[in-house]
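A, B, ... follow the sequence lines: proteins, then strands. Residue 1 opens every chain. Just so it is clear, the values below take in all heavy atoms, side chains as well, and ignore hydrogens, waters and symmetry mates.
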Number of protein chains: 2
Amino acid sequence: MVHHQFAALGDPTRLAIVERLARGPTSAGDLAAPTTLSLPAVLKHVRVLEEAGLVTTVKRGRVRECRLRDDALVAVATWTAQQQALWSTRLDALGTLLEDT
Amino acid sequence: MVHHQFAALGDPTRLAIVERLARGPTSAGDLAAPTTLSLPAVLKHVRVLEEAGLVTTVKRGRVRECRLRDDALVAVATWTAQQQALWSTRLDALGTLLEDT
DNA sequence: CTGATGGTGAACCATATGGTTTACTGTTCC
DNA sequence: GGAACAGTAAACCATATGGTTCACCATCAG
C-alpha cells in the first residue's frame with residue numbers, strides 16, 4: 001500500500017519533517033521550533049508519518065523522540081524503480097520497432 | 001517541489017493511472033473503463049497528474065491520449081535516494097561511534 | 001445529415017485535511 | 001511541594017478534495 005507513503009510525503013510540512021529526521025532523531029518540540037506551526041499541529045503530522053510506516057516515536061520522560069525508520073523509503077524506492085523500468089523498456093521496444101521499419 | 005508529485009501519487013486512483021500508463025499510453029476513456037468512476041472524475045485526476053508534471057496529454061480528434069512523461073519519476077527517485085543516503089550514512093556514523101567506545 | 005461517441009464545463013455535495021485554541025496530564029528541576 | 005515545561009486531547013473551523021450529475025460541444029461512422 002505505497003500510496004499511503006506517497007500521501008504522507010505529499011504534504012510539504014511532513015516532507016520537511018522527514019528531511020529533518022534523515023539527519024537524525026529529534027524531539028517533537030524541536031521539529032516544531034523552526035516552523036510557524038503549533039506543537040499540536042506538528043504532532044498530528046508526526047502521527048500521520050507514523051501510520052504510514054515512515055517514522056517511529058518513543059516517549060522518554062516528557063519528551064517524545066521521533067526517528068526515521070530504517071526501512072522508511074524502501075517501498076517508495078522499489079515502486080519508483082519498477083515503474084521506471086516498465087516505462088523505459090516500453091520506450092526501448094518502441095525504439096527498436098522504429099529502427100526495424 | 002517534489003511534494004506535488006508525492007501528493008499526486010498519494011491518491012490510489014492516480015497511482016493506478018500512473019501504473020497503467022507505465023505500460024503504455026491510452027485514452028482517457030480507457031483509463032476510466034476498468035474503474036467504477038465516471039469519466040469526469042478520471043479526467044480530473046489526469047489533470048492533477050499533468051500539473052504535477054507526471055503525465056502529458058494530447059487531444060487527437062475527439063479522444064484525449066494520455067502518456068507518462070519520460071522524466072516523470074526522476075525527481076521522486078533522486079529525492080528518495082538522497083534521503084536514504086543521508087540516513088544510512090548517519091546510521092553508519094553511529095555504528096562506528098559505538099564500535100570506538 | 002444524423003446519431004452515437006468521447007470529452008468538457010459547471011454546479012453541487014459530503015467528507016477529509018490542516019490548522020487553531022484551550023484545558024489538562026505528567027515530568028523535571030529548584 | 002510548586003513552577004515551568006513537553007506533550008496530548010478535544011472541540012472547533014475553513015478550505016481542499018474527490019466524487020457526482022447534467023448540459024453541451026466536437027468528431028466520427030453510416
Side-chain angles (χ1 to χ4, degrees), chain A residues 1-21 23-69 72 76, chain B residues 1-21 23-69 72 76:
Chain A
M1 305 305 172
V2 75
H3 76 264
H4 282 76
Q5 268 128 327
F6 281 129
L9 297 171
D11 178 89
T13 310
R14 285 192 297 262
L15 193 71
I17 290 180
V18 169
E19 288 172 347
R20 172 63 237 284
L21 254 32
R23 264 92 179 176
T26 32
S27 69
D30 283 0
L31 285 178
T35 76
T36 71
L37 291 80
S38 63
L39 225 211
V42 170
L43 245 81
K44 276 204 216 172
H45 284 298
V46 171
R47 286 283 150 81
V48 174
L49 290 169
E50 246 182 309
E51 270 155 32
L54 296 173
V55 160
T56 58
T57 73
V58 234
K59 192 143 181 195
R60 290 229 163 76
R62 64 181 167 180
V63 20
R64 175 167 298 272
E65 186 178 281
C66 310
R67 77 165 48 228
L68 195 59
R69 284 187 54 161
V76 169
Chain B
M1 305 303 177
V2 74
H3 77 262
H4 282 73
Q5 269 128 325
F6 282 129
L9 297 171
D11 179 271
T13 311
R14 285 193 297 261
L15 194 71
I17 291 180
V18 169
E19 286 171 350
R20 171 65 237 283
L21 254 31
R23 266 93 179 174
T26 32
S27 70
D30 283 0
L31 285 178
T35 76
T36 71
L37 292 80
S38 63
L39 224 212
V42 171
L43 243 75
K44 276 203 216 173
H45 283 299
V46 171
R47 286 285 149 82
V48 174
L49 290 169
E50 248 182 309
E51 270 155 31
L54 296 173
V55 160
T56 59
T57 73
V58 232
K59 192 142 184 197
R60 288 225 162 76
R62 65 180 166 181
V63 24
R64 176 167 297 274
E65 186 179 280
C66 310
R67 78 165 45 227
L68 195 59
R69 284 188 53 160
V76 169

Any salt bridge (Lys or Arg N to Asp or Glu O under 4.0 Å) involving residues 39-53 of chain A? Give me the pairs, sequence neighbours left out, ordered by first then second residue. A:R47-A:E50

NE2 (B:H4) with more than 12 external heavy atoms under 6.0 Å: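 Open.
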
Nearest 0.5 angstrom please: A:T13 OG1 to A:L49 CG, how far?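 Going from the OG1 atom of A:T13 to the CG atom of A:L49 covers 10.0 Å.
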
How many angstroms lie between atom CD1 of B:I17 and atom NE2 of B:H45, to the nearest 0.5 angstrom?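 That separation rounds to 6.5 Å.
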
Heavy atoms within less than 4.0 Å of DNA chain D: which residues of residues 13-21 of chain B have one? Give them sorted by number.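 Of all residues in residues 13-21 of chain B, the ones placing a heavy atom under 4.0 Å from DNA chain D are B:T13, B:R14.
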
Any residue of residues 23-35 of chain A with a heavy atom less than 4.0 Å from an atom of DNA chain D: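 Within residues 23-35 of chain A, the residues near DNA chain D are A:S27, A:A28, A:G29.
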
With sequence neighbours excluded, tell me which residues meet salt bridge (Lys or Arg N to Asp or Glu O under 4.0 Å) with A:R20. none

Contacts under 3.5 Å, N or O only, protein and nucleotides 25-27 of chain C:
{"unit_1": "C:dT27", "atom_1": "O2", "unit_2": "A:R62", "atom_2": "NH1", "d": "3.1"}

Side-chain touch A:D30/A:V63, heavy atoms, less than 4.5 angstrom: no

Check whether any side-chain heavy atom of B:E19 sits under 4.5 Å from a side-chain heavy atom of B:R23, and report yes or no. yes

How close or far is atom C1' of C:dG7 from atom CD of B:E50, stated in whole angstroms?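 Value for this atom pair: 13 Å.
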
Between A:D11 (CG) and D:dT17 (P), how many Å, whole number?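 The answer, rounded to whole Å, is 11 Å.
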
Is A:H45 near enough to C:dG19 that one of its side-chain N or O atoms lies under 4.0 angstrom from OP1 or OP2?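 Yes, because at least one side-chain N or O of A:H45 sits under 4.0 Å from OP1 or OP2 of C:dG19.
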
Using only atom types and a distance under 3.5 Å, with no angle test, would you say the side chain of B:R64 pairs donor to acceptor with the backbone of B:A28? no

Sub-3.5 Å pairs of nitrogen or oxygen atoms, protein against nucleotides 20-23 of chain C:
{"unit_1": "C:dT20", "atom_1": "OP2", "unit_2": "A:S38", "atom_2": "N", "d": "3.1"}
{"unit_1": "C:dT20", "atom_1": "OP2", "unit_2": "A:S38", "atom_2": "OG", "d": "2.5"}

